[in-house]
Structures are given as C-alpha cells and as structure tokens.
Trainee: 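Pasting in a structure now, in structure tokens, and then I'll have a few things to ask.
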Amino acid sequence: MSSKAVTPDLPKHFQGKWNRRSYHVLRELGRGANGTVYLVSQDGVRRAVKVGAEGMDILMEVNVLKSIQQGRDSKVGPLLCDVDDLVVNGKPCTFYAMEYLEGEQLDRYIQKEGEEWVPVMIVQLLARLDVLHRHGYIFGDLKPENIMVSRTDKTVRLIDFGGVTKLGNAVRQFTEEYDRAFWHAGDRRAEIGYDLFSAAVMMVRLTVGKERWKSSQSGPRHTGLLCDIIRKSDSLYPYRVPLLKAFHGKFATAQEMRAELLAVLRERTVEKPQKKASAAAGKAGGGISGLFVASLLLLAGTLYYAWFM
Amino acid sequence: MKEATLRQILVVTDGCSNTGMSPVAAAALAREQGITVNVIGVIDKSEMGEKGEREIREIAEAGGGLCDIVYPQQLAQTVQMLTRKAMTRTIHQVVNKELKEILGDSGIEELAPDKRVQVAGMVDELGEKSSLNVVMLVDTSGSMKPKLSAVQQAIHDFSISLHSRSGKSRMAVGSFPGKHKYLDIRIPWTDKVEQAHQLTSDLTMSGITPTGPAIVEAIALFEQDKLPSSLQERYRDEAENDDMNGSLRDHVF
Ligand SMILES: Nc1ncnc2c1ncn2[C@@H]1O[C@H](COP(=O)(O)OP(=O)(O)OP(=O)(O)O)[C@@H](O)[C@H]1O
Ligand SMILES: [Mg+2]
C-alpha cells in the first residue's frame, strides 16, 4: 500500500453516514500526503472536504482543529463543520468538512503581489502560530503551500493540520526545506522554536524567489547559507537580527519574534516612501499603497492586541 | 507497566530483486513474526519501471507496511513519514482488535466519529511513547551508487527523528548485497548515528540485488535484539510469547 494517492475518487454526490449531511462535489482542490481536499456544496454553502484513506491521520487533524475552534481564536485555520464517514467503493472512509478558504497559497500570492508583502504576512503568521502554541501545539509542517491568503481581507490562515504536534512530542510531519534538523540547527522535538525556525526560513525563501532559492540549495545545509543570502539581499538585511535569533532558537514565543519583526517593519515604512517612489513609480504604486494600508492595519492590530492583554 | 515495542524493517531500493528468495515471501515471513516491512523506492530522473513498482507495492502489502517512490531529495522526510504512519497503523490495528474483543463484532469503524477522534488521540500518544526498533536495509547494487549520498544523509537524519521521540528508539543499518553474505551490517543497533558515518566506504558494488534474503537476515537481527545473547536460549519461548499484542493490551487498558 502506498502512502500517497490512496484516496479513492469521490462520487459526485454523497451523504455522511452519521450526521446525514449531503454534499455535492464541485471540484478537487488539492491532493497531498494525507488525503485529498475537495470543494463541495452543502445546502448551497461552499465547504472544503478532506478525505483520506488512513482514518486515524484524518481524525488527528480533526482533534487539533476542534481544540482551536473557540472564539476569536478561530482565525488560525478553517472552521470545522462536520466529521463523518462515507462509503467509497464499499469501503468506509473518514472525512471532515471545513470552511472553504477562498484565496491563494502564500507563495503564489507573493509572486503576484511582490516581495514587499513578505514581512507583513510573516508577522500575521506569527500571530496565528502564537495562538496555536498557547493551545499546546506546534504547527510542524510550516511552508508556503500550507498557508492561505484570503482573497477578501488578505489575512493569512493555516491549512493542513497534518503536521501539528503536541509540544514535546516528535514533529509529526515536516518538509526538508523548512526543517530545523535538516539545516543542522536542532532536532525534531516539537518546540515553539521549531516553528519559528521554519517561519524564518520561509521569510528568506519568499523574499529571494524560487530561482535564487533553488540555486543556493546544493551541497550540505547549514544556517550559514541562509545568512549569506540575507547579507546579499537589501530586503532581508534590515531583518537580520530577528531572523538570526530565530535560526538559533533565541525566541521564547512567536509573539517575541513578531514584535521584533514589526519594529523593523515600522521603521522601514516610516523612512521609506520618498526613496521608493522615485525608484518604482507606476505599476508598483498600487501595490505599495496597498501594502502601506496593510502595514497600518497591522500596527493598529498590535495596539488592539496590547489593549486586549 | 510493560511498554509496547514496535518493530520495523525499512527497505530502500531502486529496482527489482534478482537473487534468492522472493522478497514478497520474505516480507510475509517478517510480518508473521510481528515485524512490519516498509519500502521506499528511490528514483533519479528515470522511472522506476512497472515491474519494480509492483514489487515494491507487493513487499509492503505482504509486510503489512507502507511504500512510496520518491526522488533522492525527498528521502529523509519520506523515511520519517512512512515510519510514523506504519507505526500508527500497527497500533490502530491492535487497538481495533482489542475493541472488537470488548464490544463484540464492532471495531473502531463502528464508533461514532467524535468517539473515534478520541481513539485517534490515544493511538497517536501510544505511537509517541512506545519503543521502536527499525532496521534499515539499503540496496547498494550498482545502480544505487549515485543515490547513496542521499541515503547516507537520510540515515543520519532518521536518527535525529528517532532521537526526537519520547519513546525509546533504536536503529540498525544493513546493506545488500554484502561482501560475503547477502547482508552486511553497517551499523549495529544504536540509538544514535553519527553524521560522519560513511556508508559508501568499503562497498561492494555488484549486479545482484538479493532483497528477499536481506529481509530474512534482518529478521534475525530482531531476535538477537530481544535479549542479551547469554539469556537468549533460556528465555526464547517466553520472549516469543511476549508479542506486541500482549504488551499493548497492558499498555492501553
Ligand atoms: N479549507 C480549505 N479551503 C480551501 N482550500 C483548501 C482548504 N484546505 C485545503 N485546501 C487546498 O487543498 C490542498 C491540499 O490540502 P492539504 O494540504 O490539507 O492536503 P495534504 O494531503 O495534507 O497535503 P500535504 O502533502 O501538503 O501534507 C491545499 O494545498 C489547498 O490548496
Ligand atoms: Mg499541504
């Protein structure tokens, strides 16, 4: 039995065995290591349904989604809507239905909108991670493919909870490029620093683009390579201190890293406008003003956050 | 309280066996003795070939394990994932069997989903805490040569994964074909593989691929592993009765 592509194709229409909700399958959204995700319609409402052949893995994801559902924390990932079984080719399969997150994967979003968005998105991401961490989990398999930017309000949400691991256990799933152990910077025990390391690598990867990144990937890996990239990149250089701290596990919480990135971001948004305007008038203009608004929103968010605590 | 010990053989290969006993039969034999067999096919640009793919699938099926076919770059993460998933599966099966005994016919599938979510949490915890012994069998026939540095990386990397678990974990590494036998033990049972370990030094590159015999020899490693050799004879029977079922029963309920 293969670990992949074991999900049988869904019928056009199906009904859950226990809760008896009916679903119409609209199209496949994506296929991965743990299952397949479909866009469906349930009573005219669009939902995403994840089906996998290994029921236990699917149920573990449900476990985590459930525990982060409460109140304003729900923004971490999609809302959980239903957990049930269906029968495909006479074989019972477990599935769950969740809120359909309309938007784009973070890497595609950055590719389209420009690398200026990277710090803004990472800062948002860290707020999400902080919530997850406070529930006693780390995300584990942090990578651009598992982060969605919602189409309407440009907020980031985590998808794919297959790597989510209880603090202290061994990380359940990872991707080498973003994995601390693979960079020889630690082990795979689930600690907050594991996620923060991935977040920092992701920031580098998203800023330099796919080609640059690929070309720097040959040979044995160590964080020195990442430092080289940061040194050579005008966009990353200002963030070198928080990035380095993340590589070396110096942050105790996602909130700490977020605050340091935000401080740099704030400084840059204040000093930047004139320089940038002359360099990149025209096309970039819209993007930058959009970005500026997003940064302002973030700053407002911090205040709100501080107020709340 | 006794702890469950999970035993796995992980075969890393790039093609078909061509010598000795059928690897599928060997895998069935392993499974019979409570050892799960997982297989990873490593390919370069070229395809695996239908025959190779089928063999890989059949070995894993007979061995009660999982398989995957990947590029060398993905090897490390695949080793970890396959191992973990196979572990979850084994525990799931055992728990399911226990449930059937308690609830009559119905196993986990008959539980309502919200109850099953709880079982899943338990299965996951058990997976984390139980002891795990893995023998990695590396195909070192001629065609594997360009992939061996990736394999070596993956071995060291796997050792990190094992180290990160809460449960006790050990691994051993063998390569086939061996110099004089079908299998050479490259790294005896250990709980940590140093990065400096060189798999490529002192290798016999040859055209034969004795996957089946290598699996059979690996089974013997587990027998050795159970008790110190001085005690092996005396306690053999008891050791064999102490299968995973029994110990898991104590652990779960
Ligand atoms: N709630 C959702 N809303 C919209 N799209 C989604 C949602 N959940 C998943 N998707 C899409 O489906 C794809 C596959 O989902 P997911 O990552 O959960 O699968 P997986 O089997 O865990 O894959 P992986 O190999 O990354 O572990 C995602 O990349 C995403 O594009
Ligand atoms: Mg994914």
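Predicted model only: the values in this text are computed from it and were never measured. Labels below follow one simple rule: chain letters A, B, ... track the order of the sequence lines, proteins then strands, and each chain is numbered from 1.
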Trainee: Report which part of B:His163 has an atom under 4.5 Å of a heavy atom belonging to chain A: side chain, backbone, both, or neither.
Mentor: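 Contact with chain A is through the backbone of B:His163 alone.
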Trainee: Contact part of B:Ile108 toward chain A, heavy-atom cut-off under 4.5 Å: side chain, backbone, both or neither?
Mentor: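 Side chain only.
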Trainee: As an exercise, state the distance from CZ of A:Arg188 to CD of B:Gln80, rounded to the nearest 0.5 Å.
Mentor: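 These two atoms lie 6.5 Å from each other.
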Trainee: B:Glu58 versus chain A, heavy atoms under 4.5 Å apart: side chain, backbone, both or neither?
Mentor: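 Nothing of B:Glu58, per the 4.5 Å heavy-atom cut-off to chain A.
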Trainee: Is it the backbone or the side chain of B:Thr88 that comes under 4.5 Å from a heavy atom of chain A, or both, or neither?
Mentor: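 Side chain only.
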Trainee: Which bit of B:Arg165 is near chain A, if near means a heavy-atom gap under 4.5 Å: side chain, backbone, both or neither?
Mentor: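 Looking at B:Arg165, backbone and side chain both touch chain A.
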Trainee: Is chain A contacted by the side chain of B:Gln77, its backbone, both, or neither, given a heavy-atom distance below 4.5 Å?
Mentor: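 Both backbone and side chain of B:Gln77 come within 4.5 Å of chain A.
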Trainee: Which heavy atom in A:Phe174 sits nearest to a heavy atom in B:Ala76, and how many Å separate them?
Mentor: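 That closest heavy-atom pairing would be CZ-O, 4.3 Å.
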Trainee: Is a side-chain donor or acceptor of A:Gln173 paired with a backbone partner of B:Met81 at a separation under 3.5 angstrom?
Mentor: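 Judged by distance alone, no pair lies under 3.5 Å.
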Trainee: Pick from A:Ile58, A:Asp85, A:Val62: which one has the most heavy-atom pairs with chain B under 4.5 Å?
Mentor: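 Highest number of pairs under 4.5 Å: A:Asp85.
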Trainee: Just so I know, are the side chains of A:Glu176 and B:Asp157 near enough to count as touching, which here means a heavy-atom distance under 4.5 Å?
Mentor: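 A:Glu176 does not reach B:Asp157 side chain to side chain.
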Trainee: If you tally heavy-atom pairs under 4.5 Å against chain B, which of A:Asn63, A:Val83, A:Asp187, A:Asn169 wins?
Mentor: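 Among A:Asn63, A:Val83, A:Asp187, A:Asn169, the one with the most close pairs to chain B is A:Asn169.
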Trainee: Quick one: do B:Arg116 and A:Leu59 satisfy side-chain contact (heavy atoms from CB on, under 4.5 Å)? Show the steps, please.
Mentor: CA-CA 7 Å; B:Arg116 239 180 305 145; A:Leu59 290 169; 3.7 Å; yes
Trainee: How far apart are the closest heavy atoms of B:Ser161 and A:Ala170, and which atoms are they?
Mentor: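 Between these two residues, the closest heavy atoms are O-CB, 4.5 Å.
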Trainee: Is it the case that over 12 heavy atoms from other parts of the model lie below 6.0 angstrom from the CD atom of B:Glu32?
Mentor: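 Atom CD in B:Glu32 is not packed in, count stays at 12 or less.
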Trainee: Which bit of B:Asp114 is near chain A, if near means a heavy-atom gap under 4.5 Å: side chain, backbone, both or neither?
Mentor: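 Contact with chain A is through both the backbone and side chain of B:Asp114.
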Trainee: Could you tell me which of B:Leu111, B:Ile59, B:Ile56, B:Val39 has the largest number of non-hydrogen atom pairs under 4.5 Å with chain A?
Mentor: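 So the answer, after comparing B:Leu111, B:Ile59, B:Ile56, B:Val39, is B:Leu111.
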Trainee: Would a 4.5 Å heavy-atom cut-off, applied to side chains only, mark A:Met60 and B:Val123 as touching?
Mentor: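 No - every pair of side-chain heavy atoms lies 4.5 Å or more apart.
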Trainee: Do the charged groups of A:Asp57 and B:Arg89 touch, with an N to O distance under 4.0 Å?
Mentor: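 Here A:Asp57 does not pair with B:Arg89 in a salt bridge, since their nearest N and O are not under 4.0 Å apart.
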Trainee: Calculate, to the nearest 0.5 Å, the distance between atoms CG and CE belonging to B:Asn96 and A:Met56 respectively.
Mentor: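 Spacing of CG (B:Asn96) from CE (A:Met56) equals 7.5 Å.
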Trainee: Side chain, backbone, both or neither: which part of B:Ile40 has a non-hydrogen atom closer than 4.5 Å to chain A?
Mentor: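 Contact with chain A involves no heavy atom of B:Ile40 at all.
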Trainee: What are the two closest non-hydrogen atoms of B:Ile160 and A:Gly186, and how far apart are they?
Mentor: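 Reported closest heavy-atom pair: CG2-O, 4.4 Å.
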Trainee: Quick one: closest heavy-atom pair of B:Ser166 and A:Gly168, and the distance?
Mentor: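 Between these two residues, the closest heavy atoms are OG-O, 4.0 Å.
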Trainee: Which bit of A:Val64 is near chain B, if near means a heavy-atom gap under 4.5 Å: side chain, backbone, both or neither?
Mentor: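 Neither part.
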Trainee: Tell me, with the steps shown, if B:Asp124 and A:Arg172 meet salt bridge (Lys or Arg N to Asp or Glu O under 4.0 Å).
Mentor: CA-CA 10 Å; B:Asp124 197 58; A:Arg172 291 167 53 80; 2.2 Å; yes
